[in-house]
Amino acid sequence: MIRIGYACIHTALPTASRTFRLSGYSDARMLEVARANILALGEILRWNGDNGITLFRITSNLVPFGSHPVNSGSWKEVLQDDFRRLGAFVREGGMRVSMHPGQHTVLNARDEGYFASVLRDLDYHSAVLDLMGLDEGHVVVVHGGGGYGDKGESSARLVRRIRGLPPVLRRRLVLENDERVFTASDILSLCSQTGLPGILDVFHHEVLPSLEGQGAREVTLLFRNTWKGPRQKIHYSNQAPGKRTGSHSQSIDLRSFGEFLESVGDIELDIMLETKDKQASVLALRNAFPGLR
DNA sequence: GGAAGTCAAGTCTCG
DNA sequence: CGAGACTTGACTTCC
């Protein structure tokens with residue numbers, strides 16, 4: 001069975017990414033916006049449930065400045081009941097959610113001081129899912145980080161950093177190949193060195209190929225081996241025609257997705273779609289390929 | 001109300 | 001060498 005889902009935003013519902021400028025920060029405002037975002041997220045998840053969609057990525061903007069030093073962290077206490085209710089809804093609906101820290105979460109950052117901020121960011125993302133009472137199948141997805149002109153050294157530093165993480169930050173962590181530095185092959189190696197599961201991003205893998213001679217099915221199966229417990233998860237998107245390489249398209253191309261499905265359709269997979277039109281692509285694909293959940 | 005400029009953080013590529 | 005891309009636009013100012 002293959003499940004598909006979408007990331008962060010429902011294009012027809014209020015956003016769960018409300019924020020404000022750092023210059024206007026107060027704890028009260030942070031709590032107010034976070035509460036509104038949680039409500040909006042609940043509405044999105046409800047809509048998902050009503051429409052049979054059980055896979056979703058939660059925006060990193062849920063709690064404004066959630067990992068910034070200016071934030072007291074009071075949201076973990078004050079909003080714990082809101083998070084718990086949200087998590088109960090996810091569990092009862094058989095849903096799977098994830099988070100994906102942004103470009104600033106560079107696990108192999110050279111600067112130790114900066115790495116401290118990376119740890120805060122991991123703590124924030126993990127805490128959201130922890131407060132929701134969700135198990136480690138609800139993952140936090142990160143890229144390998146920078147290459148710094150020496151991928152061997154950068155990889156070694158990444159492995160050291162991951163091994164040194166407190167278990168509470170490592171338990172949900174999964175690694176994903178990117179389109180510039182860490183190939184699918186690199187990620188497989190990093191996974192075997194760290195024990196973390198790996199997410200194959202099919203589009204990134206097309207932009208920055210590796211494992212030559214192996215087709216989509218073989219590569220997907222290689223990544224499958226990294227998933228010891230939770231269901232395997234991958235990312236799928238298409239190039240936006242006419243835009244620069246790596247830009248996500250408006251919607252999923254039925255033809256290319258169909259070909260991909262042709263090769264992996266019998267594998268147990270959760271596929272996160274990354275498109276501009278969000279939930280619309282999920283509905284369109286489920287319509288075009290009735291076997292999809 | 002709408003357009004334009006700005007927003008916590010890093011790294012890399014393209015024009 | 002600055003803009004754009006990335007998990008994602010959203011907020012603020014100005015007219």
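Since the model is a prediction, treat every value here as computed from it, not as a measurement. All chains are named by letter (A, B, ...) in the order of the sequence lines, taking the proteins before the strands, and each is independently numbered beginning at 1.
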Review point. Can you list the steps and then say if A:Phe260 with A:Tyr236 is a ring-ring contact (aromatic ring centres under 6.0 Å, His included)?
Key: CA-CA 10 Å; A:Phe260 179 66; A:Tyr236 189 92; 5.2 Å; yes

Exercise for review: Would you check, one step at a time, whether the test side-chain contact (heavy atoms from CB on, under 4.5 Å) holds for A:Phe182 with A:Glu176?
Suggested key: CA-CA 8 Å; A:Phe182 290 100; A:Glu176 177 193 355; over 6 Å; no

Practice item. Report the C-alpha separation of A:Glu112 and A:Arg161 in whole Å, then their side-chain angles, then the decisive distance to 0.1 Å, and conclude whether the salt bridge (Lys or Arg N to Asp or Glu O under 4.0 Å) test is met. Key: CA-CA 11 Å; A:Glu112 288 293 336; A:Arg161 288 273 176 69; 3.0 Å; yes

Exercise for review: Go through A:Arg231 and A:Met1 one step at a time and tell me if the side-chain contact (heavy atoms from CB on, under 4.5 Å) criterion holds.
Suggested key: CA-CA 11 Å; A:Arg231 269 170 74 81; A:Met1 185 264 286; 4.1 Å; yes

Point to revise | salt bridge (Lys or Arg N to Asp or Glu O under 4.0 Å) between A:Asp266 and A:Arg217, worked out | key: CA-CA 10 Å; A:Asp266 61 318; A:Arg217 178 180 183 80; 2.8 Å; yes

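A donor-acceptor pair under 3.5 Å links the side-chain atoms of A:Tyr114 to the main chain of A:His104, judged by distance alone. No donor-acceptor pair closer than 3.5 Å links the side chain of A:Asp277 to the backbone N or O of A:Ala280. A distance-only check finds a donor-acceptor pair linking the side chain of A:Glu218 to the backbone of A:Gly215 [under 3.5 Å]. Judged purely by atom type and a 3.5 angstrom limit, A:Arg18 has no side-chain atom pairing as donor or acceptor with the backbone of A:Val33. For A:Thr105 (side chain) and A:Pro101 (main-chain N/O), no donor-acceptor pair under 3.5 Å exists by modelled atom type. Side-chain N or O atoms of A:Thr226 include one that pairs as donor or acceptor with a backbone N or O of A:Phe223 at under 3.5 Å.
Base-pairing analysis of DNA chain B finds the following stems of at least three consecutive Watson-Crick or G-U pairs, with both pairing distances under 3.5 Å: B:1-7 with C:9-15, B:10-15 with C:1-6.
Near DNA chain C, meaning a heavy atom under 4.0 Å from it, residues 37-55 of chain A has no residue at all. Interface residues of residues 100-137 of chain A facing DNA chain C, ordered by number: A:His100, A:Gly102, A:Gln103; criterion, heavy-atom separation under 4.0 Å. Residues from residues 157-186 of chain A that place a heavy atom under 4.0 Å from any atom of DNA chain C, listed by number: A:Arg180. Taken residue by residue, residues 65-75 of chain A places heavy atoms nearer than 4.0 Å to DNA chain B at A:Phe65, A:Ser67, A:His68. Within a heavy-atom distance below 4.0 Å of DNA chain B, the residues of residues 8-36 of chain A found are A:Arg21, A:Leu22.
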N/O donor to acceptor pairs below 3.5 angstrom from side-chain atoms of residues 283-293 of chain A, sequence neighbours left out:
{"from": "A:Arg286", "atom 1": "NH1", "to": "A:Gly52", "atom 2": "O", "distance (Å)": "3.1"}
{"from": "A:Arg286", "atom 1": "NH1", "to": "A:Arg293", "atom 2": "O", "distance (Å)": "2.7"}
{"from": "A:Arg286", "atom 1": "NH2", "to": "A:Asn51", "atom 2": "O", "distance (Å)": "3.2"}

When the side chains of residues 55-65 of chain A are checked against the rest of the protein, which donor-acceptor pairs come out under 3.5 Å, sequence neighbours left out?
{"from": "A:Arg57", "atom 1": "NH2", "to": "A:His235", "atom 2": "NE2", "distance (Å)": "3.4"}
{"from": "A:Arg57", "atom 1": "NH2", "to": "A:Glu274", "atom 2": "OE2", "distance (Å)": "2.9"}
{"from": "A:Thr59", "atom 1": "OG1", "to": "A:Ser17", "atom 2": "OG", "distance (Å)": "3.1"}
{"from": "A:Thr59", "atom 1": "OG1", "to": "A:Asn61", "atom 2": "N", "distance (Å)": "3.0"}
{"from": "A:Ser60", "atom 1": "OG", "to": "A:His100", "atom 2": "O", "distance (Å)": "3.4"}
{"from": "A:Ser60", "atom 1": "OG", "to": "A:His125", "atom 2": "NE2", "distance (Å)": "2.8"}

Show me the side-chain donor-acceptor pairs of residues 85-95 of chain A shorter than 3.5 Å, one per line, residues at least two apart or across chains.
{"from": "A:Arg91", "atom 1": "NH1", "to": "A:Met132", "atom 2": "O", "distance (Å)": "3.4"}
{"from": "A:Arg91", "atom 1": "NH1", "to": "A:Gly133", "atom 2": "O", "distance (Å)": "3.1"}

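No single ILVMFWY cluster, assembled from side-chain heavy atoms under 4.5 Å apart, contains both A:Ile9 and A:Leu45.
Within the nucleic acid shown, A:His204 comes within 4.0 Å of sugar-phosphate atoms alone, with no base atom in reach, counting heavy atoms only. Across all strands shown, A:Gly147 has heavy atoms under 4.0 Å from sugar-phosphate atoms exclusively, and none from any base.
Nucleotides C:dG9 and B:dC12 are separated by 24 Å at their P atoms, to the nearest Å. Distance noted for atom P between B:dG5 and C:dA3: 12 Å (whole Å). For the C1' atoms, the distance from C:dG4 to B:dT6 is 15 Å, rounded to whole Å. Rounded to whole Å, the P atom of C:dT8 lies 22 Å from the corresponding atom of B:dC7.
The number of heavy-atom neighbours closer than 6.0 Å to CZ of A:Arg29, taken from other residues, nucleotides and ligands shown, is above 12.
A:Val141 forms part of a hydrophobic cluster together with A:Val139, A:Val174, A:Ile199, A:Trp227, judged by ILVMFWY side-chain heavy-atom separations under 4.5 Å.
A:Asp186 and A:Thr183 share a side-chain donor-acceptor pair at under 3.5 Å.
For DNA chain B, the span of nucleotides reached by chain A at under 4.0 Å from its heavy atoms goes, 5' to 3', from B:dT6 to B:dC14. Using a 4.0 Å cutoff to heavy atoms of chain A, the contacted part of DNA chain C runs 5' to 3' from C:dG4 to C:dT12.
For the atom pair OG of A:Ser117 and CG of A:Asp111, the computed distance is 8.5 Å after rounding to the nearest 0.5 Å. Here CG of A:Asn108 is found 7.5 Å from OG of A:Ser155. Values are rounded to the nearest 0.5 Å. Interatomic distance, A:Glu153 CD to A:Leu158 CG, rounded to the nearest 0.5 Å: 12.5 Å.
Residues A:Val282 and A:Ile4 share a closest heavy-atom pair of O-CD1, 3.7 Å.
When each of A:Asp27, A:Asp82, A:Ile38, A:Val128 is checked for a side chain to side chain contact (heavy atoms under 4.5 Å, CB included) with A:Trp75, only A:Val128 meets the rule.
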